[in-house]
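Order of the sequence lines fixes the chain letters, A, B, ..., with proteins taken first and strands second; residue numbering starts at 1 for each chain. Computed from a predicted model, the values in this text were never measured in an experiment.
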Amino acid sequence: MAKKAKNVVVDSEKQFDAIRKEFQTFQILNEKGEVVNEDAMPSLSDEELKELMRRMVFTRVLDQRSISLNRQGRLGFYAPTAGQEASQIASHFALEKEDFILPGYRDIPQLVWHGLPLYQAFLYSRGHFHGNQMPEDVNAFSPQIIIGAQYVQAAGVALGLKKRGKKAVAVTYTGDGGTSQGDFYEGINFAGAFKAPAIFIVQNNRFAISTPVEVQTSAETLAQKAVAAGIPGIQVDGMDPLAVYAAVKEARERAINGEGPTLIETLCYRYGPHTMAGDDPTRYRAKELDDEWEAKDPLVRFRNFLQAKGLWSEEEENEVIEKAKEDIKEAIKKADETPKQKVTDLINIMFEEGSWPYNLKEQYEIYKEKESK
Amino acid sequence: MAQMTMIQAITDALRTELKNDENVLVFGEDVGVNGGVFRATEGLQKEFGPDRVFDTPLAESGIGGLAIGLSTQGFRPVAEIQFFGFVYEVMDSISGQMARLRYRSGGRWHAPITIRSPFGGGVHTPELHGDSLEGLMAQQPGLKVVIPSTPYDAKGLLISAIRDNDPVIFLEHMKLYRSFRDEVPEEEYTIPIGKADIKREGKDISIITYGAMVHESLKAADELEKEGFSAEVIDLRTVSPLDIETIIASVEKTNRAIVVQEAQKQAGIAANVVAEINERAILSLEAPVFRVAAPDTVYPFSQAEDVWLPNYKDIVETAKKALNF
């Protein structure tokens with residue numbers, strides 16, 4: 001058989017090799033919690049390192065409790081977060097209060113750490129609009145349901161921050177599936193074209209519901225998609241809190257220095273189902289793969305790292321766990337006490353007060369009557 | 001007063017609001033140096049600078065997302081979608097996102113966004129340029145949909161749209177851009193959104209319409225007058241929400257009505273007007289409320305356009321059907 005003629009116009013192997021070389025996974029802590037990249041170590045104080053651990057532990061408890069509350073029928077829509085703490089919490093840890101977050105529906109923890117009261121996060125899950133009402137000092141949208149829609153909006157928020165001369169960034173999150181959406185490309189391209197201070201984070205947890213990332217794209221990394229938009233991109237070990245933190249911190253500095261957006265892919269895994277609404281991961285994920293990823297757990301890794309430095313003890317961890325349980329209990333109580341959602345409330349928030357059209361005015365009266373019974 | 005075409009009135013409204021409010025931003029595809037493909041933004045980038053009047057990359061969903069994001073920072077975005085047939089590319093940003101922003105956030109955020117876009121048939125455009133898609137927009141709660149028929153209305157309504165604190169879809173019929181001039185005050189004025197205008201008073205039948213069909217309806221009213229019928233022509237100006245008071249008062253006066261739209265007959269604005277009249281004034285009616293509309297095909301290739309589009313003869317014929325019922 002004749003040898004296949006080598007392509008003379010495009011040397012695809014050479015292209016792919018170059019991309020592979022440029023987009024290697026960035027790591028600081030290995031799976032055992034040992035520092036493997038001393039040069040990249042972020043300058044965090046001991047207290048800051050402990051705070052990052054506290055937040056990750058708290059978030060793990062929040063996830064466990066949310067799942068159990070959902071099973072008891074005390075929460076509604078919920079997308080589990082365990083396995084993604086380093087990607088979610090360490091990325092948020094690199095932000096400032098004035099930064100603006102555009103989350104996806106799994107990104108409730110970042111909202112909570114940005115200032116959304118926990119009882120409101122529970123109200124969101126229960127389908128009450130107060131769950132979406134960010135307090136005045138919380139710069140964030142409520143969770144986006146349409147995959148990728150937050151990416152184009154992040155470009156707009158970032159351009160607005162730039163026009164106002166604010167030293168702040170817009171940070172948005174999606175998953176591996178989100179990178180297939182048109183809005184993903186439009187968002188990173190717009191932000192690049194306007195040199196807008198945005199950070200686009202892709203939490204690549206390997207599955208878009210059931211579809212594995214290999215079916216999603218031929219691209220070997222999702223970070224390399226940054227090249228098409230002419231912006232920097234990096235693939236990070238998303239189970240390594242220090243690597244995620246360092247990558248976001250640097251991206252933020254670039255952004256507020258006028259150097260434009262960055263795309264960050266974090267390699268992570270969701271231990272649980274896609275959502276609590278009937279998804280069964282055993283239909284599409286092998287147990288071996290679950291085990292392989294649980295061995296990379298961000299909490300285990302970071303605990304080992306802190307303990308080796310003498311910064312963390314079992315007692316401290318238990319304190320955080322107890323505090324989390326207490327906070328969750330109180331938040332559920334407060335959520336229970338919140339008056340039930342009414343249709344008349346919703347009619348009131350369709351348009352600016354005083355500019356309600358005739359149909360809503362009429363329907364308001366009808367539902368006021370219905371709801372008074 | 002100056003004599004202006006509709007396109008000049010639109011530019012004048014944009015200039016007025018760019019001057020009045022430094023938070024107003026005008027952007028879209030080719031709106032900068034080029035002044036827009038119809039020259040609606042002619043000279044604005046030069047006058048107000050590229051920070052406030054600027055070109056975007058070519059992606060409609062991106063334009064919609066940009067507008068939403070900018071609104072969180074206190075800006076008042078006026079975005080152009082180059083032709084309204086391209087709206088399908090930005091349906092999520094409009095219907096899925098900006099229309100729901102106030103509602104979704106419980107009032108924490110809102111979207112004071114105006115989407116301007118040329119639409120409408122009769123000018124032999126390629127596919128997906130001329131379609132009348134206002135019905136799609138009117139079905140979405142949270143949006144206001146405005147369609148002016150004269151240069152005077154265009155300026156006053158566009159200023160109102162830009163000042164509105166909720167999203168407004170502002171549709172500009174391409175055939176009306178330069179087809180005639182109108183007296184347009186050089187100073188600023190507003191026309192309230194949601195208020196129809198009686199373009200011609202009459203007592204025998206109400207012709208309820210909007211956009212380019214206002215002019216066909218006025219022509220039809222002239223013809224009907226020759227035959228002894230007095231037709232009232234109501235220009236809705238805002239198709240969502242409807243000015244229900246003006247519509248019902250007119251129908252109660254004339255006892256007969258037809259509704260004229262350039263869009264296909266299925267669903268749409270006319271169907272909604274008929275339903276509202278049925279619910280509110282059926283006992284005033286002496287005849288069914290008929291519709292004049294385009295056939296339920298995809299917008300035609302341009303060679304068939306002139307027959308496909310409703311015209312004054314269709315309106316006269318249908319009006320007589322109601323008058324002689």
Other residues, nucleotides, ligands: >12 heavy atoms within 6.0 Å of [X] [atom1]:
X: B:Lys253; atom1: NZ; answer: yes
X: A:Glu353; atom1: CD; answer: no
X: B:Tyr103; atom1: OH; answer: no
X: A:Gln363; atom1: CD; answer: yes
X: B:Lys46; atom1: NZ; answer: no
X: A:Glu96; atom1: CD; answer: yes

Below 4.5 Å from any heavy atom of chain A, which atoms of [X] appear? Answer side chain, backbone, both or neither.
X: B:Glu245; answer: neither
X: B:Ile193; answer: neither
X: B:Asp166; answer: side chain
X: B:Leu101; answer: side chain
X: B:Asp92; answer: side chain

Going by distance alone, is a donor N or O of one side chain under 3.5 Å from an acceptor N or O of the other, for [X] and [Y]?
X: B:Arg163; Y: B:Thr190; value: no
X: B:Thr254; Y: B:Glu232; value: no
X: A:Thr275; Y: A:Tyr105; value: no

Heavy-atom contact with chain B under 4.5 Å, split by part of [X]:
X: A:Glu362; result: side chain
X: A:Ala140; result: backbone
X: A:Tyr185; result: neither

**Request:** Give me the one residue out of B:Val251, B:Val259, B:Ile244 that meets side-chain contact (heavy atoms from CB on, under 4.5 Å) with B:Val273.
**Result:** B:Val259
**Item:** Option among A:Thr172, A:Asp107, A:Leu95, A:Asn139 that satisfies the side-chain contact (heavy atoms from CB on, under 4.5 Å) test with A:Ile101
**Value:**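 That would be A:Leu95.
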**Message:** Which residues in residues 104-114 of chain B have any heavy atom closer than 4.5 Å to a heavy atom of chain A?
**Reply:**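 Those residues of residues 104-114 of chain B which have a heavy atom under 4.5 Å from chain A are B:Arg104, B:Ser105, B:Gly106, B:Arg108, B:Trp109.
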**Message:** Just to be sure I understand the criterion: a residue of residues 28-37 of chain B counts if one of its heavy atoms is under 4.5 Å from a heavy atom of chain A. Which ones qualify?
**Reply:** none
**Asked** chain B: which of A:Gln133, A:His130, A:Lys166 shares the most heavy-atom pairs with it under 4.5 Å?
**Response**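 Between A:Gln133, A:His130, A:Lys166, the count favours A:Gln133.
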**Prompt:** Parallel under 30°, tilted from 30 to 60°, perpendicular over 60°: which one fits the rings of A:Tyr124 and A:Phe77?
**Reply:**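 Geometry flag for A:Phe77 against A:Tyr124: perpendicular rings.
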**Prompt:** Is A:Lys340 paired with A:Asp345 through a side-chain N to carboxylate O contact shorter than 4.0 Å?
**Reply:** no
**Prompt:** Relative to A:Tyr151, does A:Lys225 satisfy both conditions: NZ or CZ under 6.0 angstrom from the six-membered ring centre, and within 45 degrees of the ring's axis?
**Reply:** no
**Message:** Out of B:Ser240, B:Ser93, B:Gly69, return the one with the most heavy atom pairs under 4.5 angstrom to chain A.
**Reply:**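 Going by pairs under 4.5 Å, I would pick B:Gly69.
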